Amino acid sequence: MAAEGEAGGMTGYIKHHLQHLTAPVGDGPFMVLNIDSIFFKVLLAIIFLVVFLRASRRATSGVPGKLQCAVEMMIEGIDGIVKETFPAKTRFIAPLALTIFALVFLMNFMDMIPVDLLPAAAHAAGVPYLRVVPTADLSTTFGMAICVFILIQYYAIKHKGVVKFVGEMFTAPFHAHGAVGTILLAPANLLLRIIEELVRPLSLSLRLFGNMYAGELIFILIACMTLGGSFASGMTWAMAPMQFIAGFIWTAFHILVITLQAFIFMMLTVVYLSMAVQEH
Amino acid sequence: MSITVTLIIQGLAFLAVAWLVMRFGWPSIIGAIEERQKKIADGLAAADKGQKDLTEATQRADAIVREARDRAKQIEDQAARRSNEAIEAAKQSAQTEGARIVAAARDEAATETGRAREELRKEFGSMVVVGASRLLEREVDAKTHAQLLDKLAEEIARG
């Protein structure tokens, strides 16, 4: 059933599916752009912005339309979460949380599209490789997580001031009494602080990436059930119903996963930002 | 499956979207929501006020109706009393008038009877005198026997 009738059979099929459409922009393995991830993320961002900004421009305080109702429901929910969690007054956190949820959800949702559909279409159009789920690309999740990391540091400095921010690096989480104890504990505190700060973007990005990558891989494996099968073969007819059932179950289950992962990414961001502005 | 320079673009795109949402989308929707909340709160307050006004007006109307009913009853009572009084007075005056008329009639009848009796007596007296003079065949001196005759006439009248 795969459009990519390449040599290598199942392994080749899987490898092909996990290959990004890339464009090198410099030397070395790092200086490579994943065109497909960027394309789909920007496309989904534009779709989200068009719908959202349209809804907001037409927002009326009178009787709202259905789109406005949906957008308002999300906004009110997220606004409530942020107000409950984030201790300080802020204009940016709630829109940021909404953006994370909407973007991550939309990018995850690309996993719901039949796994071969867009790559096959792209192949027919002459594009050799295509991965349609941007969140199954570590660069995407890590890029967002690094932004969150930078924001955490920014809010921490903004709300505590540079002196306190730096001071806390050496005095928390282990609090000592007296100068000697403080100096003794300073390296341990700094080390723990660095680990703590670095773990956040790592866990954020790896959790989302892992879930989406695994989900995509399972879709690919399900697609392998009838890979290369012909209508003449009895095996194809035996496997096709199983493939359908497996695909159906995994898709249904994955709806939960993609929503949950989007929510977790959003929620953890808000929680991390709230922790950043609180005193240790 | 490796981290590449893509992450910078993805991160920037993400922040740009977040900024656009904050700058252009968020305020108008939150504003609309808050305005609607205010409108609804105002509407509910107005409804409450209307309800209270209605209750008050109903109470006032009830009071007015009750008062009017009382007053009507009062007027009715008064009218009934007045008419009773008028009837009573009319009855009274009619009775008085009737009694008076009856008395007058009785008086008149008595006077008339008395006069008739007097006349009759006089006539009878003169007839007696005439009869007696005829019987005696001589003139009875009316003047001399007047006293006797009167007495006789009286006796006759009585008898």
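Below, read A as the first sequence line, B as the second, and so on, with proteins coming before strands; counting in each chain starts at 1. Please read all numbers here as calculations on a predicted model, not as lab measurements.
- Each of L53(A), L96(A), L103(A), L98(A) was compared with V21(B) under the side chain to side chain contact (heavy atoms under 4.5 Å, CB included) criterion, and only L98(A) meets it.
- Residue I35(A): no heavy atom, backbone or side chain, is found under 4.5 Å from chain B.
- The candidate from F48(A), F142(A), F52(A) with the greatest count of non-hydrogen atom pairs under 4.5 Å with chain B is F52(A).
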>> With side-chain contact (heavy atoms from CB on, under 4.5 Å) as the criterion, how do Y13(A) and C224(A) come out once you've worked through the C-alpha distance, each side chain's angles and the decisive distance to 0.1 Å?
In response: CA-CA 8 Å; Y13(A) 172 77; C224(A) 281; 3.6 Å; yes
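- Within 6.0 Å of CG on D27(A) lie no more than 12 heavy atoms contributed by other residues, nucleotides or ligands.
- Using a 4.5 Å heavy-atom cut-off against chain A, no residue of residues 89-96 of chain B qualifies as contacting.
- When heavy atoms are compared at a cutoff of 4.5 Å, I30(B) approaches chain A solely by way of its side chain, counted from C-beta outward.
- Heavy-atom pairs under 4.5 Å with chain B peak, among R58(A), Q68(A), R57(A), K41(A), at K41(A).
- Ion pairing between R115(B) and E112(B) holds under the 4.0 Å rule for side-chain N and carboxylate O.
- Ring planes of F263(A) and F101(A): perpendicular class, angle over 60° (limits at 30 and 60°).
- For I14(A) against I220(A), the heavy-atom pair with the smallest separation is CG1-CG2, 3.7 Å.
- Contacts between L33(A) and chain B at a heavy-atom distance below 4.5 Å involve backbone atoms as well as side-chain atoms.
- For a residue to count as touching a neighbouring chain, one of its non-hydrogen atoms must lie under 4.5 Å from one of that chain's; by this rule L49(A) touches chain B with the side chain only.
- Within the structure, side-chain hydrogen bond (donor to acceptor under 3.5 Å, both in side chains) contacts touching residues 8-26 of chain B (residues at least two apart or in different chains) are T140(A)-Q10(B).
- For A94(A), the parts lying near chain B are the backbone and the side chain together; criterion is any non-hydrogen pair under 4.5 Å.
- Ring planes of F109(A) and F105(A): tilted class, angle from 30 to 60°.
- The choice from T141(A), I100(A), L151(A), I146(A) that makes the most heavy-atom pairs within less than 4.5 Å of chain B is I100(A).
- The minimum heavy-atom distance between P95(A) and A18(B), with the atom names listed, is CB-O, 4.3 Å.
- For I8(B), no part lies under 4.5 angstrom from a heavy atom of chain A.
- Counting only distance, with no hydrogens or angles, the side chain of R131(A) and the backbone of A136(A) share a donor-acceptor pair below 3.5 Å.
- Only the backbone of T60(A) has a heavy atom closer than 4.5 Å to any heavy atom of chain B.
- When all heavy atoms of L7(B) and F30(A) are compared, the closest pair comes out as CD2-CE1, 4.3 Å.
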